[in-house]
**Student:** 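Quick one: the structure is below, questions incoming.
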Amino acid sequence: MNSVCCIILAAGAGKRMKSEKPKVLSEVLFKPMIKWVIDMVKSVGIDDICVVSGFKRNLLVDYLDNEQIKYKEAFQKEQKGTAHAVNSAAEFLNDHKGYDVIVLNGDAPLIDEDTVKKALYVHRKYSASSTVITSKIDNPSGYGRIIRDKDTDRFKAIVEHKDATTEQLKINEVNSGAYWFKVDDLIEALKMVQNNNSQGEYYLTDTLEILLKNGRSVEPYLTSNPDVILGANNVAQLSQLNEIARNRVIDKLLEYGVNIPCKDGVVISPDVQIGENSTILPSTIIKGKTIVGKACILGPNSVIINSRVGSDVSLECVYCSNYTFRSGEEVSPMSKYIS
C-alpha cells in the first residue's frame with residue numbers, strides 16, 4: 001500500500017483483567033492481542049506503525065523489541081480518551097502528512113485484512129477525510145450506533161448507547177472503533193476536540209462531527225466480519241475471544257485439507273503451519289511458529305511448541321518444545337523432546 005500508516009492504541013491498564021501487564025499483552029491463542037493486530041497490519045503492506053503506550057510501557061516495549069518489530073512509540077502519560085491517545089502520536093502524524101492513517105485498538109485482535117483493504121478503497125474512492133469501519137451485530141447494546149442519512153444512506157453521526165433515543169437503539173449497525181483518516185485532516189480536527197463530557201475525556205469520535213461541520217466527507221464502511229468489533233475488558237471476554245479465534249484457526253486448517261475429526265481440546269496458535277492430509281486428534285495443543293509437514297498424526301494428548309515436524313510423523317501423547325523431527329521418524333509415545 002502506498003502512503004499509508006497505522007496508529008495502534010495500546011495504553012490501557014486492563015484493570016478488569018486482574019493483570020499486572022498492559023491489557024494488549026493479554027493472549028488469545030497464546031499470542032498477545034497486539035501481535036494479532038500488528039501481524040494483520042503488516043500483512044496488508046503497512047510498514048509505518050506507531051504504538052501508543054501507557055500503563056507499564058516498559059513491558060510492552062520489551063515485548064515488541066524482543067519480537068524485533070519495527071515501530072515508533074508514542075507515550076500517553078495520562079489516559080484522557082481516545083482522541084488524547086491519538087494526539088500523543090502527534091509527531092508521528094506530522095511526519096506522515098499527505099498519508100492516510102488507520103487507527104486501531106490493540107485489544108481488538110480479530111480485525112481482518114479484507115476489512116482494512118476494502119475500507120481504504122472506500123476511503124479513497126470518496127476522497128473521505130475519515131472512513132468509519134462499522135459492523136452489524138445481533139446485540140448492539142453498549143455500542144455507538146451509526147446514524148445514516150435516510151435519503152442518501154451516507155454517514156451522519158455516531159450516537160453513543162447512553163445518548164440514543166428509543167428509535168436509535170433499534171439500529172444494529174455499530175462503530176467498530178477502527179477508522180481511516182487523511183492525516184492532515186485528522187491533525188486539524190484533533191486541535192478542536194473538547195472534553196466537555198461527563199468523563200472529562202477527549203473522544204476520537206468527536207473528530208468526525210468536527211470534520212462534517214467543516215464540510216469534509218465522512219464515510220461508513222460496513223464490514224462483513226462482525227468479529228472486528230470484539231475486544232476484551234475482562235477475562236470472561238478474553239475467553240470468548242479465544243473460543244472464536246480457536247474455531248477460526250481450525251476452520252481455516254480444515255479448508256487446507258487438515259483432518260480434525262473432533263475439536264475437543266484442540267488449541268492451535270494462528271501462526272502454526274500444518275500440511276495437508278495431516279490429522280489432529282483431541283486434547284492436542286500446538287503453539288508458536290510450529291511447522292508440520294504432510295500426512296502427520298498429532299495427538300491425542302500432545303503438546304507441540306515452536307517445533308518442526310517433517311512429513312509422515314506420528315506424535316502420540318508427546319510433549320516437545322523447540323525440537324525438530326525428521327520426515328518418517330519413529331517417535332516413542334508418551335515421551336518428552338526438548339531442544
Side-chain angles (χ1 to χ4, degrees), residues 1-9 37 40-41 43-50 82-83 86-87 89-90 92-105 108 110-137 140 143-160 164 168 171-193 203-229:
M1 287 187 178
N2 296 322
S3 301
V4 290
C5 57
C6 175
I7 293 175
I8 300 175
L9 307 184
V37 178
M40 183 281 299
V41 168
S43 72
V44 299
I46 303 174
D47 295 318
D48 290 343
I49 298 172
C50 179
T82 47
V86 174
N87 208 30
F92 178 81
L93 289 172
N94 283 316
D95 287 342
H96 291 84
K97 287 183 176 179
Y99 278 52
D100 291 302
V101 60
I102 187 166
V103 179
L104 299 171
N105 291 311
L110 301 184
I111 188 159
D112 60 291
E113 301 172 22
D114 190 61
T115 292
V116 169
K117 289 179 179 179
K118 288 181 178 178
L120 179 60
Y121 173 80
V122 169
H123 182 66
R124 289 181 166 173
K125 176 182 178 181
Y126 292 102
S127 191
S129 289
S130 178
T131 297
V132 188
I133 295 175
T134 73
S135 177
K136 286 187 176 181
I137 56 177
Y143 290 97
R145 305 306 204 275
I146 301 298
I147 310 301
R148 292 176 180 255
D149 186 281
K150 291 182 180 180
D151 297 323
T152 64
D153 203 39
R154 303 289 287 276
F155 177 87
K156 191 174 181 181
I158 296 175
V159 176
E160 297 304 323
Q168 290 170 337
I171 297 170
N172 69 340
E173 184 180 7
V174 300
N175 177 22
S176 73
Y179 316 82
W180 279 103
F181 287 96
K182 286 183 178 179
V183 168
D184 301 63
D185 293 344
L186 175 59
I187 291 172
E188 291 305 311
L190 286 170
K191 296 175 183 176
M192 304 178 201
V193 175
Y203 296 130
L204 191 58
T205 49
D206 288 350
T207 62
L208 308 181
E209 181 180 353
I210 290 166
L211 290 169
L212 288 173
K213 284 184 177 179
N214 290 341
R216 306 294 174 81
S217 169
V218 177
E219 295 294 331
Y221 170 71
L222 176 60
T223 177
S224 59
N225 174 14
D227 296 337
V228 300
I229 67 167

**Student:** What is the minimum heavy-atom distance between L93 and V101, and which atoms define it?
**Tutor:** CD2-CG1, 4.2 Å

**Student:** Check each of T152, D153, I158 against F155 using the side-chain contact (heavy atoms from CB on, under 4.5 Å) test, and report the only one that passes.
**Tutor:** I158

**Student:** Partners of Y99 by ring pair (Phe, Tyr, Trp, His ring centres under 6.0 Å), sequence neighbours excluded?
**Tutor:** H96

**Student:** Nearest 0.5 Å, please: how far is CG in L222 from CZ in R148?
**Tutor:** 6.5 Å

**Student:** With distance as the sole test, does N105 use its side chain to make a donor-acceptor pair with the main-chain N or O of L9 at under 3.5 Å?
**Tutor:** no

**Student:** Does Y221 have any ring pair (Phe, Tyr, Trp, His ring centres under 6.0 Å) partners at least two apart in sequence or in another chain, and if so, which?
**Tutor:** none

**Student:** Output yes when a side-chain donor or acceptor of W180 lies under 3.5 Å from a complementary backbone atom of V116, and no otherwise.
**Tutor:** yes

**Student:** Once you round to the nearest 0.5 Å, how far does NZ of K136 lie from OG of S224?
**Tutor:** 12.5 Å

**Student:** Going by atom types alone, do S127 and K182 pair a side-chain donor with an acceptor below 3.5 Å?
**Tutor:** yes

**Student:** Just verifying a value: how many Å separate L120 CG and K118 NZ, rounded to the nearest 0.5 Å?
**Tutor:** 13.0 Å

**Student:** How many angstroms lie between CE in M40 and CD1 in I46, if you round to the nearest 0.5 Å?
**Tutor:** 7.0 Å

**Student:** Closest approach of A128 and T131, non-hydrogen atoms and distance?
**Tutor:** CB-OG1, 3.7 Å

**Student:** Please walk me through it: do I187 and V183 pass side chain to side chain contact (heavy atoms under 4.5 Å, CB included)?
**Tutor:** CA-CA 6 Å; I187 291 172; V183 168; 3.8 Å; yes

**Student:** Measure the spacing between CG of N175 and CD1 of I146 and express it to the nearest 0.5 Å.
**Tutor:** 5.0 Å

**Student:** I'd like to check the salt bridge (charged side-chain N to carboxylate O under 4.0 Å, His left out) partners of D185; sequence neighbours left out, ordered by chain and number.
**Tutor:** R216

**Student:** Show your working on side chain to side chain contact (heavy atoms under 4.5 Å, CB included) between D114 and N225 and close with a plain yes or no.
**Tutor:** CA-CA 9 Å; D114 190 61; N225 174 14; over 6 Å; no

**Student:** Applying salt bridge (charged side-chain N to carboxylate O under 4.0 Å, His left out), can you list everything that pairs with E188, at least two apart in sequence or on another chain?
**Tutor:** K191

**Student:** So, using salt bridge (charged side-chain N to carboxylate O under 4.0 Å, His left out) as the criterion, who are the partners of D206 when residues are at least two apart?
**Tutor:** none

**Student:** Tell me, do V41 and I111 make a side-chain contact under 4.5 Å, heavy atoms counted?
**Tutor:** no

**Student:** Scan residues 93-105 for pairs that pass salt bridge (charged side-chain N to carboxylate O under 4.0 Å, His left out), counting only residues two or more places apart or in two chains.
**Tutor:** D100-R124

**Student:** Is any side-chain N of the basic residue among E219 and K125 closer than 4.0 Å to the acidic one's carboxylate O?
**Tutor:** no

**Student:** Which atom names give the shortest non-hydrogen contact between L104 and A178, and what distance separates them?
**Tutor:** CD2-CB, 3.7 Å

**Student:** Determine, stepwise, if the pair F181 / V86 fulfils side chain to side chain contact (heavy atoms under 4.5 Å, CB included).
**Tutor:** CA-CA 12 Å; F181 287 96; V86 174; over 6 Å; no

**Student:** Looking at I7 and A89, what are the two nearest heavy atoms and their distance?
**Tutor:** CD1-CB, 3.9 Å

**Student:** Would you say S135's side chain and S176's backbone share a donor-acceptor pair under 3.5 angstrom?
**Tutor:** no

**Student:** Testing V103, I102, I49 one by one against I8 for a side-chain contact (heavy atoms from CB on, under 4.5 Å), which residue passes?
**Tutor:** I49

**Student:** Write down the atom of A83, the atom of L190, and the distance for their closest heavy-atom approach.
**Tutor:** O-CD2, 3.8 Å

**Student:** Where the side chain of R145 meets the backbone of P140, is there a donor-acceptor pair that is under 3.5 Å apart?
**Tutor:** yes

**Student:** If I compare all heavy atoms of S217 with all of R154, which pair ends up nearest, and what's the gap?
**Tutor:** OG-NH2, 4.2 Å

**Student:** Does some side-chain heavy atom of L208 sit less than 4.5 Å from a side-chain heavy atom of Y179?
**Tutor:** yes

**Student:** Quick one: pull up CG in L212 and OG1 in T207 and give me the separation to the nearest 0.5 Å.
**Tutor:** 9.5 Å

